[in-house]
Amino acid sequence: MAQVKYVSASRVYAKDAPPAVSALDLDIKDGEFMVLVGPSGSGKTTALRMLAGLEPLDGGRVEIGDRDVTFVPPKDRDIAMVFQNYALYPQKTVAENMGFALKMAGVHKDERARRVREAARLLDLDDQLLTRKPKALSGGQRQRVAMGRAIVREPKVFLMDEPLSNLDAKLRVQTRSQIAELQRRLGITTVYVTHDQVEAMTMGHRVAVLAGGLLQQVDTPRHLYDNPVNQFVAGFIGSPAMNLQTVPLTEGGARIAGTTLPLPAAVRTAASQAGLRELVLGIRPEHLHVANGSGELTGPGNLAGSRALAGEVLLVEELGADALLHVRLAESGDSVVARTEGRVSLAPGQKVTFHVRPEDVFAFHPETGARLAG
Amino acid sequence: MTVLEGVAPPEVEVRPRGVSRRDRWQRRLPLLPALIYTIVVTQIPFVVTLWYSFQSYFWNTPAPAHFNGVSNYKTVFTNAAFRSALVRSVGMTATAVIVAMILGVAFAVLLDRKFLGRGVVRTLIITPFLVMPAAAALVWAGPMLDPNFGLLNYLLEPFGVHHVAWLSTHALGSVIVVMIWQWTPFMTLIILAGLQSQPPDTLEAAKVDGAGALATFRELTLPHLRPYIELGVLLGSIYLVNVFDAVRLMTNGGPGTATTNLPFYLFQQVNNAFDIGGAAATGVVTVILTIIVATFALRMFARVFQFEEGGV
Amino acid sequence: MTATAVPARPVKDREPGPQKLREMSRQVGWGVLAWVVGIAFFLPVLWMVLTAFKPESAAQTWPPRFAFSPTLAEFRLVFSGWGPFVTHSVIATVGSTVLVLLLGVPASYALSVHPVKNWRDGLFFFISTKMLPIVAAIGPLYVIALKAHLLDSIWLLIILYTAMNLPLAIWMIRSFMLEVPRELLEAARLDGAGRIREISGVILPIISPGLVSTALICVIFAWNELFLALNLTVTNAATMPMFLISSVPQEGLYLAHLSAAATVASIPVILVGWIAQRSLVRGLSMGAIK
């Protein structure tokens, strides 16, 4: 068990191409479950592979424990990796797959068998599966063997490269919690790569959001949700995604859907300092509180100081316990998504009003995406 | 690139009861030309061979062919020359196949990694296979192995070798060397296809699991290559057992019968002994032996090439 | 704990670490080894071509010479004599290859896309003809050819070479046809294409590179074939391999001349093989390896 550090780590593939990973600085604490999340091409897998030693660094360094492992080959880094496609050895049995690394390390046959059995038990793998070959296993079983292969080694760091992406949805949810629980039990530092922000939010102690090779923000899931540092993180984390609208600035605030939303002084100062005449407003779907046609609020809560935004319902997505409303805003004609509290009886074409508290609104620079006065 | 098409054949098409006879003939029709052609051209000679094998028929006597029962066959089995040609054939083929396969694996491993000019080196390595076998035989027999002017003697001089008459003293070895030289590229290409079909992430997993280059090769690569090696050995044996050109043009079967293999022995029976009956009987025996060996090989065959099903 | 996004900083060039240097030298070493092996293995071919340019006197020296004044004399001799031989080779090779394709494409179709009931037996039959050594039947073949007045006839060679290459071609073409996506065939069927249109309009265009590979393999084997040509032809159908043999007289050493003949005889196939390297694997493994 050890902490992991990326210090200004970079990876460039072609001379004039933008770096795949650009000067990544990331400190991962001992025993922490750190999720690297981002869209494809964001550099998250490359960063993981740099930690594994499967990609060389073109700049900076990587540390495991207190050791600089930048030039250390993978086998000497005391890490174990779960690959996206599991990478099980096809001609070996499950037991041989799981015991392979121990065999390479010269561990005695009996000790190997013991540790393999233990790991199999931990993962709910039946004894009779141990003598089968990978192609005779189901997808879920193979995934567990891949995890077992990593666990058996009792390494300093677990590396996982989208291990759930090849499972069907139901299995994914099940396995997600199993992995999180396993990590808690074993307490081994884990670096986990995924493109799915739900996985990131539910599994990680902290989450690092990457885009275009750059680290956007690293924080606990809740802080990422409540305090995104730029437009990308705001739009990426949370489902359904935050509503982002480019709106013009007026005196005292921003004009949206027929009202002027007041903005905090700090935001207005930042905007005028940057010489902006418009900016991007971000409002989460659950912060658009629905009032029906007659102005009555349909949900509880004190919405003092809120402003009303007018719009027309485009589509109602019934989720059962609540609903997602797709609404076309007045004046601008842009559409937003709102989450209702409880059931509403609204139909497409009906007029609707939202109440929004100014403190629930995020403001971003229209070009750089940075949060204004965050 | 795959060898084992793990495609489990889909359910045999459920045909409506009473598949139209018309449809069945429609399916057969395109096959018929090739089928009939092959049957006529390959089976008729075989039937005729069978016929003559029971005859005493010599080209160099005026006597016409007449039936003599199984005496030709008796001769085949009692003839020491046939037995030694058979044994020699097996030995030459086995040696050539094994050495060519070992070299093939080595060359494939060499070509599997990137380096400057890899494509050129690959082209150089496969060229021996493309040289006309007759040309290869003559070039080795002459400019390469000549006792007085040959290149090999010159290259081996620093090792204490002086003007060896390879085709006299090491005739069998020389012929086998040429067989190996011509067929190693074939093995190399097959093994290379196998190496390139290895999923790269299992190799990375092995790296992370602590396997060095040698351990990875032994534990992962060789098991993966097994079907390719089997395919190469099987096909190589089929082609190599029938080698004729090198024997005829390098040593003419000699000195004595030192390099006479089965194809050459049969050739001699026809061309030198003019013994059509005897050659026919030898031919039939050869075919029967081939069928026996092929049946064993075919069991391996079916595993190595899964018969992929088609059908729309 | 947050980190703000920063605009991309240029990655500083770093000194290649010791690991990278070791890796580079390993790569270079590997390359050198591969080149040495490649050249050594290729040496006899190189020697053949080299010797072809020597005057006979320079070919029979001790030590063998790498430097000499090249001459085209031997080549001229070869070219003056090769006329009928190369013509026969071309006719036999092209003729048999065309026939193989004409017979093989429909047969492969009947064994893959629109299979007959016993397609497995059909395949097995074709492959079995390849396994039986042709040498076994050479005596009777001679007699049959004689009686059919086909002895020493180019037609005989075309017929036999076709039979020799057909099984190989069927296996190869079949493996190419199996790669045609089923959806395409079904779409064509829905569009009302009959069997013939299906073959010519959909399948052939897709597999045409495969057909070229198959043709090249057939050309290689037909061109190089010696045994049948030796036994069944004399002058009217003698092919290049025979020409090669005739350039080695019983008496005397003619190393330069035979090298020139060998080079000329081999060049077509060597060029074909260099161009179609990938097809080689496919053809030789009878379509088992893609």
Side-chain angles (χ1 to χ4, degrees), chain B residues 1-3 27-28 30-31 33-34 37-38 41-42 45-46 48-49 52 110 113 115-116 121 123-127 130-135 138-139 142-144 148-149 151 154 186 189-190 193 231 235 238 242 244-245 263 266 270 276 279-280 283 286-287 290 294 305 307-308 310-312, chain C residues 27 30-31 34-35 38 41-42 44-45 47-48 51 60 62-64 103-104 106-107 109-110 112-116 120 129 131-133 135-141 144 159 163 166 178 182 185 224 226-227 241 244 248 255 258-259 262 265-266 269-270 273-274 280-281 284-285 288-290:
Chain B
M1 309 197 201
T2 52
V3 169
R27 285 169 185 262
R28 284 181 195 147
L31 182 60
Y37 183 92
T38 306
V41 177
T42 64
F46 183 65
V48 173
T49 306
Y52 278 129
L110 217 55
R113 268 213 230 170
F115 57 86
L116 190 64
V121 175
T123 309
L124 291 181
I125 287 185
I126 69 171
T127 309
L130 300 168
V131 173
M132 182 186 281
L138 289 176
V139 168
M144 290 296 294
N148 299 314
F149 310 119
L151 185 62
Y154 175 66
F186 172 71
L189 288 178
I190 289 189
L231 181 68
L235 289 177
I238 293 177
N242 286 322
F244 173 78
D245 305 25
L266 276 160
V270 173
I276 307 295
T286 308
V287 166
T290 312
F305 322 11
F307 277 13
E308 226 184 303
V312 169
Chain C
Q27 209 187 26
W30 192 268
W35 271 95
F41 207 62
F42 185 73
V45 179
W47 189 242
M48 169 180 85
T51 311
Q60 304 181 23
W62 184 262
L103 292 173
Y109 180 77
S112 63
V113 173
H114 194 46
V116 299
R120 266 179 250 257
T129 65
M131 287 215 191
L132 302 180
V135 290
I138 192 60
L141 254 181
I144 296 174
I159 293 173
L166 196 54
L178 285 173
R182 223 175 246 218
L185 298 167
N224 285 346
L226 171 67
F227 186 76
L244 202 48
V248 185
L255 296 180
L258 87 80
S259 298
S266 304
V269 165
I270 290 182
W274 280 357
L280 272 183
V281 191
L284 296 170
S285 64
I289 297 183
K290 307 262 147 67

Bottom line for C:I159: the part with an atom under 4.5 Å from chain B's heavy atoms is both
Turns out that what part of B:Y154 lies under 4.5 Å from chain C's heavy atoms comes down to both
Closest non-hydrogen atoms of B:V131 and C:S266, given as atom of the first, atom of the second and distance, are CG1-OG, 3.8 Å
For C:P44 and B:V139 the tightest heavy-atom approach is O-CG1, 4.1 Å
Can any side-chain N or O of C:W47 pair as donor or acceptor with the backbone N or O of B:P143 at less than 3.5 Å? yes
Under 4.5 Å to a heavy atom of chain B? For C:V269 that would be both
Value for OG1 (C:T129) from CZ (B:F46), rounded to nearest 0.5 Å, stands at 12.5 Å
Bottom line for B:T42: the part with an atom under 4.5 Å from chain C's heavy atoms is side chain
Heaviest contributor of heavy-atom pairs below 4.5 Å to chain B, chosen from C:N224, C:L255, C:I144, is C:N224
Tightest non-hydrogen contact, residues B:A280 and C:P140, listed as CB-CG, 4.5 Å
Shortest non-hydrogen pair, B:P30 vs C:Y109, comes out as CG-CD2, 4.3 Å
d(B:D245 CG, C:L226 CG) to nearest 0.5 Å is 4.0 Å
dist B:T127:OG1 -> C:W274:CH2 (nearest 0.5 Å) comes out at 5.0 Å
query = Is C:W35 reaching over with its side chain to a backbone N or O of B:L116, donor-acceptor style, under 3.5 angstrom?
reply = yes
Output for pair (C:W30 CH2, B:F115 CZ), nearest 0.5 Å, gives 9.5 Å
CD1 (C:I138) and CZ (B:F244) are apart, to the nearest 0.5 Å, by 9.0 Å
Greatest number of non-hydrogen atom pairs under 4.5 angstrom with chain B, of C:A34, C:A265, C:P241, falls to C:A34
One should read off an interatomic distance between C:M48 CE and B:L151 CG, to the nearest 0.5 angstrom, of 13.5 Å
Answer key: most heavy-atom pairs under 4.5 Å with chain B among C:G38, C:G31, C:S259, C:P64 is C:P64
Cut-off 4.5 Å, heavy atoms of chain C, and the answer for B:N148 is backbone
Cut-off 4.5 Å, heavy atoms of chain B, and the answer for C:L244 is both
All heavy atoms of C:L103 vs all of B:P33, minimum pair found to be CD2-CB, 3.6 Å
Applying a strict 4.5 Å limit to non-hydrogen atoms, the region of C:I270 in contact with chain B is both
